[in-house]
Amino acid sequence: MNAPKILGTAAIVLMVSCTQKDKNPEINPKTDPMAIQTPTDTVSVDTLKTSHNSENSLDWYGTYEAVVPCADCPGIKTVLTLNKDRTFAISEEYLERKTKSDDKGTFDWDAAGRVVTLKGKTASYKYKVGENNVTQLDMSGQPIDGPNKKLYVFTKK
């Protein structure tokens, strides 16, 4: 009588221990803090234009000034005016040389709304627009690096 009970119990234990447990349980990212979440959509240019950026969030129009480095003079006093209608005027005066040049034209914003590119007769600079300042970039749109990099930051007047 004990033998059938023992055999029945052993059979149940054997069946339970032989069933494969789910090695990949479903993870609920909302309740499992260790779940890795991946983005499901991408950011479009339209989203960038409607999100906060320099173009639509700052009072970027106005006049900016700086004395940028010069290879053979003490510096170039530069005055840049950006207008709401996407026109600009720029004046560059080479210090201790009495040489001055003026240009005007239009500018375009990059797709992210952070950088303007001047399109004048001679001026074709790029500037990253910040809060009450613009920073001159190199022609490929990268920040100018080195010991004089702070001299390329123009302050709004």
Next item on the list: Could you grab the distance from atom CG of Asp59 to atom OG of Ser54, nearest 0.5 Å is fine?
Entry: 11.5 Å

Next item on the list: Test side-chain contact (heavy atoms from CB on, under 4.5 Å) on Asp108 and Lys119 and set out the steps.
Entry: CA-CA 8 Å; Asp108 292 323; Lys119 295 180 181 180; 2.5 Å; yes

Item checked: Asp102 and Lys100, any side-chain heavy atoms less than 4.5 Å apart -> yes

Check: Less than 4.5 Å apart, any side-chain heavy atom of Thr117 and any of Tyr125?
Finding: no

Next item on the list: State yes or no: do Leu80 and Leu151 share one hydrophobic cluster built from I, L, V, M, F, W and Y residues joined by side-chain heavy-atom distances below 4.5 Å, directly or via other members?
Entry: no

Next item on the list: Report, as yes or no, whether the 6.0 Å neighbourhood of atom NZ on Lys121 holds more than 12 heavy atoms from other residues, nucleotides or ligands.
Entry: no

Notebook entry, point to check: Can you find a heavy atom in the side chain of Leu58 that is under 4.5 Å from one in the side chain of Glu131?
Noted result: yes

Checklist line | Pair Phe107 + Trp60: ring centers closer than 6.0 Å | finding: yes

Notebook entry, point to check: Is there a side-chain contact (heavy atoms from CB on, under 4.5 Å) between Gln142 and Leu137 once you walk through the steps?
Noted result: CA-CA 5 Å; Gln142 298 302 311; Leu137 305 173; over 6 Å; no

Note to self: Around atom NZ of Lys156, are there more than 12 heavy atoms from other residues, nucleotides or ligands closer than 6.0 Å?
What the structure shows: yes

Next item on the list: Using the side-chain contact (heavy atoms from CB on, under 4.5 Å) rule, take Val67 and Thr78 through it: C-alpha gap first, then chi angles, then the decisive distance, then the call.
Entry: CA-CA 6 Å; Val67 177; Thr78 308; over 6 Å; no

Next item on the list: Quickly, which of Leu82, Thr81, Asn132 forms a side chain to side chain contact (heavy atoms under 4.5 Å, CB included) with Tyr64? Name it, please.
Entry: Leu82

Notebook entry, point to check: Are Ile76 and Glu93 close enough that some pair of their side-chain heavy atoms sits under 4.5 Å apart?
Noted result: no

Notebook entry, point to check: Cluster question for you: counting only ILVMFWY and a side-chain heavy-atom cut-off of under 4.5 Å, with indirect links fine, are Tyr61 and Val79 together?
Noted result: no

Item checked: Contact check, side chains of Glu92 and Ser101, non-hydrogen atoms, under 4.5 Å -> yes

Check: So, Thr87 and Thr106: side-chain donor and acceptor under 3.5 Å apart, yes or no?
Finding: no

Next item on the list: Mind listing the closest non-hydrogen atom pair of Leu95 and Lys77 along with its distance?
Entry: CD2-CB, 4.1 Å

Item checked: Of all pairs that satisfy ring-ring contact (aromatic ring centres under 6.0 Å, His included), the ones with a partner from residues 81-106, not counting sequence neighbours -> none

Check: Side chains of Val129 and Val116: closer than 4.5 Å at any heavy-atom pair?
Finding: yes

Notebook entry, point to check: Between the side chain of Asp103 and the main-chain N/O of Thr122, is any donor-acceptor distance below 3.5 Å?
Noted result: yes

Next item on the list: Evaluate the side-chain contact (heavy atoms from CB on, under 4.5 Å) criterion for residues Cys73 and Arg97: first the C-alpha distance (whole Å), next the side-chain angles of each, then the deciding distance (0.1 Å), finally the verdict.
Entry: CA-CA 8 Å; Cys73 71; Arg97 276 210 210 151; 4.2 Å; yes

Next item on the list: Look at the side chain of Asn83 and the backbone N and O of Arg86, then say whether any donor-acceptor pair between them is shorter than 3.5 Å.
Entry: no

Note to self: Side chains of Thr155 and Asn133 only: does a donor on one sit below 3.5 Å from an acceptor on the other?
What the structure shows: no

Note to self: Could you check whether any side-chain heavy atom of Phe154 comes within less than 4.5 Å of a side-chain heavy atom of Glu65, counting everything from C-beta outward?
What the structure shows: no

Check: Which value, rounded to the nearest 0.5 Å, describes the distance between Ile144 atom CD1 and Lys126 atom NZ?
Finding: 12.0 Å

Margin query: With a 4.5 Å cut-off on side-chain heavy atoms, are Gln136 and Val68 touching?
Written below: yes

